[in-house]
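Heads up: the structure comes next, in structure tokens.
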Amino acid sequence: MLMHKVTTLNQFIVERQAEIPGATGEFSRLLHHVGIAAKKVHREVNKAGLVDILGRVGTINVQGENQQKLDLFADTIFMDELRASGECCGVATEENQDIVVFDEGLCRDGKYIVCMDPLDGSSNIDANVSVGTIFSIYRRRSEVGSPPVVEDFLQAGTEQLAAGYVIYGSSTMLVYTSGRGVNGFTLDISIGEFCLSHPDVQTPPNGRIYSINEGNYVNFPVGVKKYIKYCQEIDAAGGRPYTSRYIGSLVADYHRNMLHGGIFLYPETNAHPVGKLRLIYECNPMAFIAEQSGGVAIDGERRVLELAPESLHQRVPFYIGSREMVMKLTEFLRFFNNI
Ligand code: AHG
Ligand code: MN
Ligand code: MN
């Protein structure tokens, strides 16, 4: 049978290398290792029901949340691969209070740092629901050869060289941008390669899906409450009721909305008075992907990518999705915050 020509992630990365300002083979090597780590996590996620890797390890992470075993697994796998690439001099991840410095061998001279949520949506793992990995790559600011410092990790999202996510869903996909559009690769397990399946993803400018944890409704800002009602109420022309879809895995909720058109909202709540999602390893990478596919990401007032991070685990309110939906939400937020 005639085989169709497929473009693998590695081929694609090498072909695109020339388009990234100042990029070299080093950067491609780093992305290549992200792909390897993603395959290893895919393997573990897919056998999670078979072996004793489910459930909580009994510790809590730096933000007081239960760490699931797979959280730690994914953290270790990605860190090991990034270290093995020799191009990354340090990482900041959800599972580590401080930056982790790679100061052995080649890593010491690595030009890049990575911010990462190794396993996103981990409360869903033991129910066989989609989870993800989020990553973001920056060029270090400190001198090459010296250990990286926390300031290297607190750069604005506009400085990202590349960002992406892996979704471990009904199939596993790696979606990334290096600032020249968004491309999605589906893991073909028969050949063990990510293959280009979603070239140049464009998110619909408008949509009909809203994604929010409505259990927190009573604590939402008034503008968010009014926007939700706007989605739910029939207008004079008989149109409107939107569809509510919420998985509880940012990666999976965003991915669906990016393809079909929609908005994801995580506002301030009682439990999370400044928002729940973390700026440097959840919001910024997703915001970069959103903008590169034609969407928008704001914290309620400002463009997420322009926020100046103050700390590694900083949280912000987060609204992301189709341009016209985020613009409509903005009208509600402005109007109701001023009364
Ligand atoms: P993580 O599993 O990395 O801690 O992230 C969970 C996040 C995000 O994936 C999701 O959108 C959100 O938490 C869900 O929060 P609620 O359970 O409060 O809705
Ligand atoms: Mn997360
Ligand atoms: Mn996580």
Side-chain angles (χ1 to χ4, degrees), residues 37-38 41 44-45 48 54-57 59-79 91-97 100 114-136 163-169 175 209-220 224 228 244-258 262-287 289-290 297 299 304 312-321:
V41 173
E44 296 307 319
V45 167
L54 286 175
R56 298 186 173 127
V57 283
T59 55
I60 52 173
N61 70 7
V62 291
Q63 288 139 80
E65 297 155 341
N66 279 305
Q67 281 179 311
Q68 306 277 334
K69 285 184 185 176
L70 219 49
D71 280 332
L72 300 181
F73 228 99
D75 196 50
T76 307
I77 288 172
F78 269 91
M79 275 208 276
V91 297
T93 91
E94 180 186 351
E95 309 304 335
N96 295 280
Q97 174 82 57
V100 179
V114 175
C115 302
M116 193 173 68
D117 179 355
L119 205 77
D120 175 64
S122 50
S123 67
N124 280 322
I125 298 164
D126 55 5
N128 228 337
V129 176
S130 299
V131 292
T133 295
I134 308 174
F135 63 91
S136 168
Y165 58 82
V166 185
I167 175 167
Y168 311 97
V175 175
I209 300 172
Y210 69 99
S211 308
I212 188 166
N213 185 342
E214 273 184 87
N216 297 319
Y217 184 86
V218 294
N219 301 124
F220 288 154
V224 173
I228 293 172
S244 169
R245 289 280 183 275
Y246 190 73
I247 293 170
S249 295
L250 169 64
V251 167
D253 278 308
Y254 174 76
H255 183 71
R256 179 203 54 237
N257 291 359
M258 177 179 74
I263 184 170
F264 174 95
L265 311 90
Y266 211 111
E268 305 89 327
T269 65
N270 244 16
H272 297 290
V274 293
K276 180 181 182 188
L277 299 176
R278 280 60 60 106
L279 176 58
I280 72 165
Y281 50 79
E282 290 180 316
C283 304
N284 269 336
M286 301 308 279
I289 293 272
D299 72 346
V304 165
L312 293 178
H313 302 286
Q314 179 179 350
R315 299 171 192 262
V316 291
F318 193 46
Y319 307 99
I320 184 170

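Just so you know, ligand 1 is whichever comes first in the structure, and atom 1 is the first atom listed for that ligand.
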Closest to atom 1 (P) of ligand 1 among Gly121, Ser211, Ser123, Ala74 (heavy-atom distance): Gly121
For the Mn ion (ligand 2), which N, O or S atom of Glu282 is at the shortest distance? OE2
Could you report the tightest heavy-atom contact between Ala297 and Ala287, atom names first, then the distance? CB-CB, 3.5 Å
From Leu277, Ile320, Ile212, Val316, residue fulfilling side chain to side chain contact (heavy atoms under 4.5 Å, CB included) relative to Tyr266: Leu277
Does Thr269 reach the side chain of Phe220, with side-chain heavy atoms less than 4.5 Å apart? yes
Would Ser211 and Tyr254 count as having a side-chain donor-acceptor pair, cut-off 3.5 Å? no
Any side-chain heavy-atom pair of Asp75 and Met116 under 4.5 Å: yes
Under 4.0 Å to a heavy atom of Lys276 - the qualifying atoms of ligand 1, by number: 12 (C), 13 (O), 14 (C), 15 (O), 16 (P), 17 (O), 18 (O)
Give the contacting part of Asn213 toward ligand 1: side chain, backbone, both or neither, where contact means a heavy-atom distance below 4.0 Å. side chain
What part of Ser249, side chain from CB on, backbone N/CA/C/O, both or neither, has a heavy atom under 4.0 Å from ligand 1? backbone
Are any of the side-chain heavy atoms of Thr133 and Tyr168 separated by less than 4.5 Å? yes
Less than 4.0 Å is my threshold; does some heavy atom of Val131 fall inside it relative to ligand 1? no
For Met286 and Phe264, what are the C-alpha separation, side-chain angles and deciding distance, and is it a side-chain contact (heavy atoms from CB on, under 4.5 Å)? CA-CA 11 Å; Met286 301 308 279; Phe264 174 95; over 6 Å; no
Would you list the protein N, O or S atoms within less than 2.8 Å of the Mn ion (ligand 3), leaving out water? Glu94 OE1, Asp117 OD1, Leu119 O
Of the listed options Phe264, Tyr246, Tyr281, closest to atom 19 (O) of ligand 1 (non-hydrogen atoms): Tyr246
Side-chain heavy atoms of Asn257 within contact of Ile263, under 4.5 Å: no
A student checking ligand 1 against Leu119 at a 4.0 Å heavy-atom cut-off should list atoms 2 (O), 3 (O)
Student check: side-chain heavy atoms of Leu250 and Phe318 closer than 4.5 Å: yes
Of all residues at least two apart in sequence or in a different chain, which pass the side chain to side chain contact (heavy atoms under 4.5 Å, CB included) check with Asn213? Asn216, Tyr246
Measuring from the heavy atoms of Leu277, does anything fall under 4.0 Å of ligand 1? yes
Does His272 have a non-hydrogen atom less than 4.0 Å from ligand 1? no
Under 4.0 Å from a heavy atom of Arg278: which atoms of ligand 1 are those, numbered in the order shown and with their elements? 1 (P), 3 (O), 4 (O), 5 (O)
Between the SG atom in Cys283 and the CD atom in Gln314, the distance rounded to the nearest 0.5 Å is 9.5 Å
Short list, please: which atoms of ligand 1 are under 4.0 Å from a heavy atom of Glu282? 3 (O), 5 (O)
Could you list the residues that satisfy ring pair (Phe, Tyr, Trp, His ring centres under 6.0 Å) with Tyr281, not counting sequence neighbours? His313
Is it the side chain, the backbone, both or neither of Asp117 that has a heavy atom closer than 4.0 Å to ligand 1? side chain
Going by the order shown, which atoms of ligand 1 are within less than 4.0 Å of some heavy atom of Leu250? 8 (C), 9 (O), 10 (C), 11 (O)
Taking only residues two or more places apart in sequence, or in another chain, which ones meet Ala37 in a side chain to side chain contact (heavy atoms under 4.5 Å, CB included)? Ile77, Phe78, Glu81
